[in-house]
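Accompanying notes for the structure given below.
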Amino acid sequence: MTSTLEVRHLQVEFPLERGIARAVNDVSFTLHPGERLGLVGESGSGKTTTILAMLRLLAKPGRIAGGEVLLDGEDLVAATDETMRRARFSRISLVPQGAMNSLNPVLRIGVQFHDLLKAHGAWKSRGEARAHVARLLEAVELEPGVADLFPHQLSGGMKQRVCIAMAIALKPSVIVADEPTSALDVVVQKQVLRTLVRVQKELSASVILVGHDMALMSQFAHTIGVMYAGRLVEYGPVRQVFGNPRHPYTKMLIASLPSFSHRGRFLGIPGVAPSLLDPPPGCPFHVRCPSAIAGCSRDYPGEWLGEDGHRVSCHLVTEVRDVHPA
Ligand code: SF4
């Protein structure tokens with residue numbers, strides 16, 4: 001089944017001794033059936049927290065402080081724990097960051113699949129489960145014999161493929177992948193992403209891919225969301241965001257990609273991301289932004305809405321048609 005996922009004004013906060021850290025601040029987007037969305041930004045920008053909140057997998061003391069996550073109109077934020085448990089894997093599934101840590105090191109791969117099928121009422125018989133697991137492994141280009149191995153007997157790329165196979169075991173309509181290739185070398189990264197795209201197409205599922213590799217994202221995604229300090233600062237079709245980036249942060253992220261035109265020089269983004277406990281007033285990027293103007297340190301910009309759903313929050317991008325709450 002194909003599904004539409006709508007994230008509306010999502011807010012996530014972490015109450016800490018020194019105050020409240022707002023890790024996700026008023027994030028909204030819609031994921032259409034079959035769409036591939038890339039969420040990019042520096043570490044701590046709120047990408048992973050956004051997807052963990054969508055799946056209701058936030059580590060304590062993190063909590064959803066507002067907003068909705070609508071999967072085919074049903075709000076996952078308001079769903080019971082049991083509804084959510086059943087929804088994971090069967091309607092929305094996660095390919096976690098670091099396959100090393102997400103697989104149980106003392107159980108054979110096949111047993112881990114069988115446990116998953118049993119937990120979701122999809123177990124019929126041992127023989128049928130073995131055949132199902134063999135098909136899943138084949139779908140991610142692994143031999144059926146991998147089911148008899150322990151995680152330590154697999155390479156990083158094989159473990160990541162096992163995680164993708166687990167994520168599609170119950171044919172979810174939304175797959176969320178949290179930096180699934182970050183620990184892999186470049187060649188294996190591409191192979192794993194190709195596998196993810198292929199299984200996504202076979203299932204007609206949509207995908208959210210979290211990462212910070214803009215080059216990889218440009219090849220993978222239909223839509224790009226750029227996050228900074230818990231905000232979605234630019235969002236739109238990949239050709240718009242890469243072809244005509246409007247937010248200074250997006251421009252700098254793209255300029256920092258290696259290219260033949262500035263061979264030998266790396267263009268970084270000066271400064272560090274702000275503390276989410278005590279972010280600067282106004283636009284949180286103003287302390288690092290080479291284009292900042294007077295109002296930037298005072299007011300958070302409204303949101304500019306361009307063609308094809310292109311959205312940007314920056315005072316320099318005018319014709320604002322919507323205004324975010326402060
Ligand atoms: Fe830079 Fe101001 Fe735009 Fe923020 S609002 S990105 S500080 S120009």
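In this chain, residues are counted from 1 in sequence order. Just so you know, ligand 1 is whichever comes first in the structure, and atom 1 is the first atom listed for that ligand.
When hydrogens are left out, the protein atom nearest atom 4 (Fe) of ligand 1 is Cys283 SG, 2.4 Å; that is the closest non-hydrogen contact. The protein non-hydrogen atom at the shortest distance from atom 5 (S) of ligand 1 is His315 N, 3.2 Å. When hydrogens are left out, the protein atom nearest atom 3 (Fe) of ligand 1 is Cys314 SG, 2.3 Å; that is the closest non-hydrogen contact.
Between Leu232 and Met227 there is a side-chain heavy-atom pair separated by less than 4.5 Å. Looking at heavy atoms from C-beta onward, Gln160 lies out of side-chain contact with Val188 at the 4.5 angstrom threshold. Using a 4.5 Å heavy-atom threshold, the side chains of Val197 and Gln200 count as touching.
Per-residue contacts place Leu316 under 4.0 angstrom from the following atoms of ligand 1 (heavy atoms of the residue considered): 8 (S). In summary, the atoms of ligand 1 found under 4.0 Å from a heavy atom of His286, numbered by their order in the structure, are 7 (S). Counting atoms of ligand 1 from 1 in the listed order, those under 4.0 Å from a heavy atom of Cys289 are 1 (Fe), 6 (S), 7 (S), 8 (S). Numbered from 1 in the order shown, with element, the atoms of ligand 1 that lie under 4.0 Å from a heavy atom of His247 read 6 (S).
Counting only N and O atoms by type, the side chains of Ser313 and Arg231 include no donor and acceptor under 3.5 Å apart. A donor-acceptor contact closer than 3.5 angstrom links the side chains of Glu42 and Tyr249.
Using a cut-off of 4.0 Å between Lys/Arg side-chain N and Asp/Glu carboxylate O, Arg194 and Glu141 are scored as not salt-bridged.
With 2.8 Å as the limit, Cys296 counts as an N, O or S neighbour of atom 2 (Fe) of ligand 1.
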